[in-house]
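Because only heavy atoms are used, hydrogens play no part in the values below, and waters and symmetry mates are left out as well, while side chains stay in. Protein chains get the first letters and strands the later ones, always in sequence-line order, with residue 1 at the start of each. In this text, all values refer to a predicted model and were calculated from it rather than measured experimentally.
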Protein chains: 2
Amino acid sequence: MATIKDVAKLAGVAVSTASYALNNVNKVSPATMKKVQEAARELNYFKNGFASDLKRTKTNTIALILRDLSGPFYSELIKGVQEVTTANGYDLIACSSVGGAQSTAAKFLKEKRVDGAIILAHNITNDIVLESAREGFPIVVLDRKLDHEFVYQVEVDNIHGGYAATEYLINKGHREIGYVSGPMNSHDNEMRFDGYMSALKDHGIQYQNKWKVSGDFTREGGYRATKMLIAQRQLPEAIFYANDEMAIGGLQAFKENKISVPEDISIIGYDDIQLAEYVSPPLTTVRQPKYEVGALAVHVVFQALAKEDSVENYYNLSTEIVERKSVK
Amino acid sequence: MATIKDVAKLAGVAVSTASYALNNVNKVSPATMKKVQEAARELNYFKNGFASDLKRTKTNTIALILRDLSGPFYSELIKGVQEVTTANGYDLIACSSVGGAQSTAAKFLKEKRVDGAIILAHNITNDIVLESAREGFPIVVLDRKLDHEFVYQVEVDNIHGGYAATEYLINKGHREIGYVSGPMNSHDNEMRFDGYMSALKDHGIQYQNKWKVSGDFTREGGYRATKMLIAQRQLPEAIFYANDEMAIGGLQAFKENKISVPEDISIIGYDDIQLAEYVSPPLTTVRQPKYEVGALAVHVVFQALAKEDSVENYYNLSTEIVERKSVK
DNA sequence: CTGTTAGCGCCTTCAT
DNA sequence: ATGAAGGCGCTAACAG
């Protein structure tokens, strides 16, 4: 592997000159420039990224940390992140948090291998985030509440989203409304549930514990939760699934039991994932502004990096109901 | 930011001792070990990843390069890559190649910021791959043919897949079979088309140029291509879409024109993406062993890294037809 | 405009 | 078992 030294030697200049030439610093004569570039090409030289990063203590890349690279994560969100990152001349890498504290993600955070990070991965503990964030290493979390000078939150207003979903069902004439929840430790789930509760309360409907069942945010979980509800032999008139994946699992369960949606029961999901519109019946759901979340998140990272005074630690975006055919 | 020096000082030992202690080298007394670890904790010390990588000239991470992080890329493939990578104690990062030669991906390749890479991204030119690969930096390509000592190929037998898809249609009694192609520069597309042609030929069917139309591997492209075919006012009996995304776009076009699938026309896709089974009618398609491709790809990287003699430069996996309801 | 040089933070050989 | 010291490849003062 050729180093900058080799290039300098071949070009007959000092290393610093070679460095300047290679980095286009306006400080070197066109002739030298050319000599150096030719030498570099001849040796098939490429800078060693680490050495460079080490020296500048800056990587020019930001990380997007996802629980599972292969999961049905929000492609719109990634798009938002990606576009803004690129527009700012930074690089983006995605890394997975499978393995928790031992994961690649945790390592990148702790060892500060990037200039900033955006996290959407429950299994990265708050501790890791808190001890990694620092001046010059802003972290934005999309999935939790955290109080730290250099940790920023952007979230969608899930309380309002949960409220809206529930109220939508109520306005359609339903009074008995089930809730299939995500994992208990999920902040998103908690907020959606809060919204659900408030809507019930504001409309004078009594909350019934038997109609709350947990589905873990997975399709499989939604399926099982729905089967449980069905097994109770007393279904509510409508169900609010805390995410679309679970709702799709629920659809499957209803189908197997010949319960038809929305004739026999109405259901509403949350997220508006791509599949939602293709499922049968098409799923009425709550859309989150995913692209905006992603774009805003990176934007915040850059603002923090630039030490702009105007950065807030907390941002909130709102949701919107998308009506399809799963509610009567 | 605390460095190893600070830790050593606080623990009252030399830097080297601190390094040994921190890296669990069996060379330091338990007492010293403890002192150092405590000092590290107290200072909230974490090693600087770059310095470490620079010194060892090894990153312990491999990169998966995808054309578009947000695209509907194969989650099964990623899963295969991820699991095997993790099982080998390596880290995995995904990076996007949007931007081509200026992309993050190209940078990681050229600057050798990882120990190995797996590429599924047409817009990374062969040149970049060829000049980046070298001893100690194996690259496996999933989407092209390339001849280089340290470039490995794993591909699925797309020729056979294309053949099988076409033959399936023929066996169902269709003689007029259209082909909606991916981009011309796609090796995958080319192979599928070759398979299509051979099947036609082997069954004594004349290839008709008017039934080949390009769809760019996107849903939108498939939609437009199908509209074009419809506009020709003379539809084939069946269409082979070179991927599922395009087939789904086609489904949409047919629906809008009240042409029903499979009654009026049969269609078959390729890939077996997740959506395929949810679309209406469920799409008959050719499944690729995606998980296996991913797993094998990383496996090859590790073999190459270990300089095993048994590594081949070329691997081939086979496909399978999954019958659903879009072919009559 | 070009060259010399001092580190960036860490690992590791060599002596002790 | 521990310490001193060199250097990985690069950048950026600083001096000329």
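- Considering CG of A/L69 and NZ of B/K79, their distance stands at 12.5 Å, rounded to 0.5 Å.
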**Prompt:** When you look at B/S103 and B/V98, which way does the side-chain contact (heavy atoms from CB on, under 4.5 Å) test go after all the steps?
**Reply:** CA-CA 6 Å; B/S103 65; B/V98 289; 5.7 Å; no
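- Look at NZ on B/K112: it is 12 Å from P on D/dG9, rounded to the nearest Å.
- Between the C1' atom of D/dT11 and the CG atom of A/N60 lies a distance of 15 Å, rounded to the nearest Å.
- Remark: C1' of C/dC1 and NZ of A/K35 are 12 Å apart, rounded to the nearest angstrom.
- Rounded to an integer number of Å, the gap from B/N48 CG to C/dG7 P is 18 Å.
- Shown here is B/K5, whose NZ atom has no more than 12 heavy atoms of other residues, nucleotides or ligands within 6.0 Å.
- If B/A14 and A/K5 are placed on DNA chain D by their nearest nucleotide, the residue sitting closer to the 5' end is B/A14.
- Atom CG in A/N26 sits roughly 15 Å away from atom P in D/dA12 (whole-Å rounding).
- Whole-Å rounding puts the B/K9 NZ to C/dG9 P distance at 13 Å.
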**Prompt:** Where along nucleotides 11-16 of chain C does protein come under 4.0 Å, by heavy atom, of base (B) or sugar-phosphate alone (S), with - for untouched nucleotides?
**Reply:** BBB---
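- Relative to the six-membered ring of A/F150, A/R134 misses at least one condition, a distance below 6.0 Å or an angle of at most 45° to the axis.
- For the side-chain contact (heavy atoms from CB on, under 4.5 Å) with B/I65, the lone residue among B/V129, B/I119, B/L142 that qualifies is B/I119.
- Summarising the geometry, the separation between NZ on A/K34 and C1' on C/dC1 is reported as 18 Å, rounded to the nearest angstrom.
- When only modelled atom types and interatomic distance are considered, B/D53 and B/T59 share no side-chain donor-acceptor pair under 3.5 Å.
- Computed from coordinates, the B/D53 CG to C/dC10 C1' distance equals 10 Å when rounded to whole Å.
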